[in-house]
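Only this structure's heavy atoms are used, side chains among them; waters, hydrogens and symmetry mates stay out.
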Amino acid sequence: MNVQDFVQKALTHQKEPKEYEKGGKLLSKPSAGSSWTKVSCPCCFSERVEPLVLVKLGGKVGPETKRWLIKVIGAPQKDGGAALLAHPGEDASGDIIVVSAPRCTLLRAAEELGLCKTYRSGDMEAFSYNDRDNFKDSGVFLTLAERQYIVKYELDGLRVQRDLRIPGLPESRMLQKRDNIWQKLSSAGVVVDTFPLHNRKKLKDLGEAWYSGNQLAQPLDSVNDYFGSAVAFYFSFLDFYTWSLLTPAILGLAISYFSVAFFSSEVKKEMVDSVSGSKVIINDDDSGPMISGHMLQAMFSMIWSTVFMELWKRRSSSLSYRWGTMNLAERFAEPRPNFYGDLGVNPVTGRVEPLFPEWKRDLRMVLVSVPVVGLFLGLVVLGMMCFYWGEAQVKQLHKDWNSLLSQALLYIPSVLHIVYTNMLGNVYRNVAQSLTEYENHREESAFENHLTAKILVFTFFNNFAVLFHIAFFKQDVPLLRKRLASLLIVSQLVNQVTEVVIPFLVDRFISAPHRTESEDDPKEDKFRNQRTLPVFPGLFAEYIELLVQFGYLSLFSCVYPLTAVLLLINNITEIRSDAYKICNLFRKPFSPPVANMGVWQVAFEVLSFVSVISNCWLLLLSPRLQELCREGGLSSTNVLLLAVFGEHVLILIKFIMAALIPDEPDWIRKKRDQMEYTSMQALKEQVNAISTDFIV
């Protein structure tokens, strides 16, 4: 039976209307004639159906097209449908379809995705549909985020089994065999939007446990249940990183404010200089120790960045096991919705789909993307030159005036340059998005990787080029300290205003008045109100912000020991502000299951490696070390060679430390091996069963 036959048959089998429950389950009686589509599996029948996803239709979509789409969504997969549950909303002429999923569809998709769930033994095992009865709570163990993503997964996978005309649409919109139905409907304007629905009761409970109270710990398991593992991994990393700042913050306070008895006069002078940025003379004849606060902070930064990343990888693997994402299946990716090309047969799948030559994509990257990225890097250099020119002007002005006003003007070039770099970064993100779209990558993963690479290169250059130039070429520690302090203060203020204050004001005074709803409003209207919220922009900007923070701390904090203190204060508020934003200011996002932070973890590890080189060079600028070199009669060449040798030794130590701290706890490694063994045994049993049936 094909989809069209199923549709005609199903039109005569309408179920009785169900009711809506206040928590978001359809339990109150909807408009006459509207109902959920029927389930074909008896074990999936339920009196209560949970609305998971809302499909918004175009304004010109007629009832005939809507009825056809509802039946396609509800048709069995063997007939080319999605095997989901669909509800027409108020009536057949409305512009929404509410979608849910029966139990069997959810469980089969859980196996396809490679999710792990709790077995009867209490261990996490790769879920198997045929062995579903041996898993604990197999009827309810999927999280809300997983259920909603599975609905999207099934809708995105809809394909036409034979040439098909869409009822209510012209012949030009006819679907060809193997066409992706959802992509074609979106391009035709039939499907305008698809987004997961909030569960208001669960969202309220999550908010009270997350950002409303005085608690310091985050409810990460609840975040994973509601928003998915991608969001949960971000907040887990933010939490782990924030509390890991305690140790460098305490050390920074000690170096900045406490004069320990064994510190020499040079060390005391350096500590005061680190805070005030001015030269202070301290008369003390004590010869002091061989190490200064500057040197101590540099050595600590190199060790801390390595230990932090290794411990995070261990925590990440533990969370991946706990959330059931450590064994995710690799699937052949479907083409992106915006991918285009000449129709042809894919040599891998045998499907007719758009094809785009690799050489043409490479040519676009070389002739367009690379020059445009280079242009923006040139704008970064131009901004840096203007910053140095401004610095020279205000210094001359201060020298001539020597007043409080001229002293305050000394910070103006830094502030203006920070604003310039932030604005340039915002413009570049949009340009990078357009460039990556123009490159026309087939798969979503390839698109994200190229976009991330473009933005990471520019972000590193835009945020750290001036600091590296000041440290490596100008060798001006007071200017480097002043620049870093300005960056930490101004950037955090700008981020808080743009990420929290402005969205909150827009939501409170512009968007919220148009979303007013009462308890008696129909559920359909409440669902529509959720669409008035802006689309969640993703975690890209949040990870970039943390990456820049991590760079400031691991690369340059030895010249400004209070770096960790300022970052700790900022991040404690960042956790709550980010939680508030995702819960209240945006639509709920779809969240595919992930096993870790992906490419962002690699980016943090690269910065951790670069911190060794940066801190070794900054050690040479330490007044105490320079004094020791002069007393030892070392030439500048010998000092440089000694620094290079020390750098290689420290890099070796870093690799040894990384090897001594396993990426996974031993119990996780054993669990992974057990899961692989169990999967191999199950595969052997299936092969043996098929062979036996074939012989018989």
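- With hydrogens and angles left out, the side-chain atoms of D578 and Y234 include a donor and acceptor closer than 3.5 Å.
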### Query
After noting the C-alpha distance and the side-chain angles of I544 and R429, does the key distance pass the side chain to side chain contact (heavy atoms under 4.5 Å, CB included) rule?
CA-CA 11 Å; I544 286 289; R429 288 190 189 100; 3.7 Å; yes
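- Here the side chain of R481 pairs no donor or acceptor atom with the backbone of Y560 at under 3.5 angstrom.
- Residues N327 and A126 come closest through the heavy atom pair ND2-CB, 3.4 Å.
- Considering every non-hydrogen atom in both L206 and P219, the closest pair reads CD1-CG, 4.1 Å.
- The closest side-chain heavy-atom distance from L553 to L245 is below 4.5 Å.
- No donor-acceptor distance shorter than 3.5 angstrom exists from the side chain of D225 to the backbone of T143, with no hydrogens or angles considered.
- Residues H198 and Y226 bring a donor and an acceptor atom of their side chains to less than 3.5 Å of each other.
- Side chain of T452 to main chain of N449: no donor-acceptor pair is present (N/O by atom type, distance under 3.5 Å, no hydrogens or angles).
- Looking at heavy atoms from C-beta onward, Q218 lies in side-chain contact with W210 at the 4.5 angstrom threshold.
- Here the shortest heavy-atom pairing between M326 and C116 reads CG-SG, 4.4 Å.
- Only one option out of S614, S608, S557 pairs with S301 in a side-chain hydrogen bond (donor to acceptor under 3.5 Å, both in side chains); it is S557.
- Taking CG of L562 as the start and CG of L253 as the end, the distance is 6.5 Å to the nearest 0.5 Å.
- Taking the six-membered ring for Trp and the full ring otherwise, the centers of F237 and F604 sit less than 6.0 Å from each other.
- L416 CG to F387 CZ: the interatomic distance, rounded to the nearest 0.5 Å, is 10.5 Å.
- K474 forms a cation-pi arrangement with Y388, by the criterion of a distance under 6.0 Å to the ring centre and an angle within 45° of the ring axis.
- Considering only heavy atoms from C-beta on, L488 comes within 4.5 Å of L484 through its side chain.
- Side chain of N615 to main chain of S554: a donor-acceptor pair is present (N/O by atom type, distance under 3.5 Å, no hydrogens or angles).
- When all heavy atoms of S229 and P592 are compared, the pair lying nearest together is OG-O, 3.8 Å.
- Here R483 does not pair with E391 in a salt bridge; the nearest charged N to carboxylate O distance is not below 4.0 Å.
- Although no hydrogens or angles enter the test, the distance criterion places a donor-acceptor pair under 3.5 Å between the side chain of R361 and the main chain of N440.
- A salt bridge does not link K670 with D673: every distance from a Lys NZ or Arg NE/NH1/NH2 to an Asp or Glu carboxylate oxygen is 4.0 Å or more.
- Checked by atom type and distance alone, the side chain of Y428 pairs as donor or acceptor with a backbone atom of K454 at under 3.5 Å.
- Between W304 and Y241, the two ring planes are tilted [angle within 30° to 60°].
- Ring geometry, F308 versus F550: the interplanar angle falls from 30° to 60°, so the pair is classed tilted.
- Less than 6.0 angstrom separates the ring centroid of F233 from the ring centroid of W323.
- Residue V366 comes nearest to P371 through the heavy atom pair O-CD, 3.2 Å, listed as atom of the first residue, atom of the second, then distance.
- Y321 contributes a side-chain N or O that, together with a main-chain N or O of M124, makes up a donor-acceptor pair within less than 3.5 Å.
- How far CD1 of I455 is from CG of N462: 12.0 Å, rounded to the nearest 0.5 Å.
- By the 4.5 Å heavy-atom criterion applied to side chains, C558 and F300 are not counted as neighbours.
- Here the closest heavy-atom approach between residue L480 and residue A471 is recorded as CD2-CB, 3.8 Å.
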### Task
Show your reasoning for whether salt bridge (Lys or Arg N to Asp or Glu O under 4.0 Å) applies to R669 and D666.
CA-CA 5 Å; R669 182 183 56 79; D666 192 53; 2.5 Å; yes
### Task
Before giving the answer on side chain to side chain contact (heavy atoms under 4.5 Å, CB included), spell out for S316 and M597 the whole-Å C-alpha distance, their side-chain angles and the decisive distance to 0.1 Å.
CA-CA 8 Å; S316 176; M597 295 196 309; 5.8 Å; no
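- Expressed to the nearest 0.5 Å, how far CD1 of I651 lies from CD1 of I656 amounts to 12.0 Å.
- The ring-ring contact (aromatic ring centres under 6.0 Å, His included) test with F586 singles out one residue from F195, F227, F536, Y580, and that residue is F536.
- For M657, the CE atom counts as densely surrounded, since its 6.0 Å shell holds more than 12 non-hydrogen atoms of other residues, nucleotides or ligands.
- A donor and an acceptor atom, one from each side chain of T325 and S320, are located under 3.5 Å apart.
- The closest side-chain heavy-atom distance from F468 to L555 is below 4.5 Å.
- Atoms OG and CG, from S236 and N596 in turn, are 12.0 Å apart once rounded to the nearest 0.5 Å.
- When each of L568, L546, L216, L567 is checked for a side chain to side chain contact (heavy atoms under 4.5 Å, CB included) with T242, only L568 meets the rule.
- With sequence neighbours excluded, no residue forms a side chain to side chain donor-acceptor pair (under 3.5 Å) with D476.
- Counting heavy atoms from C-beta outward, T436 and E448 have side chains that stay 4.5 Å or more apart.
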### Task
Report the C-alpha distance between F655 and F609 in whole Å, list the side-chain angles of each, state the deciding distance to 0.1 Å, and finish with yes or no for side chain to side chain contact (heavy atoms under 4.5 Å, CB included).
CA-CA 9 Å; F655 281 117; F609 178 82; 4.1 Å; yes
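- Heavy-atom neighbours of F472 CZ from other residues, nucleotides or ligands within 6.0 Å: above the threshold of 12.
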### Task
Begin with the C-alpha distance, continue with both residues' side-chain angles, and end with the deciding distance and a verdict on side chain to side chain contact (heavy atoms under 4.5 Å, CB included) for L487 and L467.
CA-CA 10 Å; L487 279 169; L467 298 176; 3.8 Å; yes
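- Under the 3.5 Å distance criterion, the side-chain polar atoms of S577 are matched with a main-chain donor or acceptor of T573.
- Contact check for H417 versus C386: no side-chain heavy atoms found under the 4.5 Å cut-off.
- Counting only heavy atoms from C-beta outward, the side chains of Q475 and W617 approach each other to under 4.5 Å.
- The distance from atom CD of E444 to atom CG of D156, rounded to the nearest 0.5 Å, is 10.0 Å.
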